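So the structure is just underneath, and the comments pick up after that.
Worth saying up front: this structure is predicted, and the values here are computed from it rather than measured.
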Amino acid sequence: MKNEDLFIQIENLRNKMVRAGLSKGFTSAETVTLSERLDKLINLQMGLLTNISA
C-alpha cells in the first residue's frame, strides 16, 4: 500500500470517527471501533515512514 493511499484512508476514517463521536458519543461502541481501526492505520503509516527514512 502506498503512503498516499494510506493517508487518504486515515483522513476518511478520522472524519467518520469524528462524525460518529459527535452524533453517538465519543465512548459509543462505533466510535471506539473506528478509533481502534484508525490507530492501526496510523501505526502502519508510521512503520512505512520509518522504513523510508531508514
Does some side-chain heavy atom of Q9 sit less than 4.5 Å from a side-chain heavy atom of L6? yes
Compare every heavy atom of L41 with every heavy atom of L13, then report the nearest pair and how far apart it is. CD2-CD1, 3.8 Å
N/O donor to acceptor pairs below 3.5 angstrom from side-chain atoms of residues 15-24, sequence neighbours left out:
| from | atom 1 | to | atom 2 | distance (Å) |
| --- | --- | --- | --- | --- |
| N15 | ND2 | E11 | O | 3.2 |
| S23 | OG | R19 | O | 3.0 |
| S23 | OG | A20 | O | 3.4 |
| K24 | NZ | E30 | OE1 | 2.3 |

More than 12 heavy atoms from other groups under 6.0 Å of CZ on F7: no
If the condition is side-chain hydrogen bond (donor to acceptor under 3.5 Å, both in side chains), which residues does S28 pass it with, not counting sequence neighbours? T31
Consider only side-chain heavy atoms of I, L, V, M, F, W and Y, link residues closer than 4.5 Å, and tell whether I42 and L34 are in one cluster. yes
Of all pairs that satisfy side chain to side chain donor-acceptor pair (under 3.5 Å), the ones with a partner from residues 36-48, not counting sequence neighbours: N3-Q45
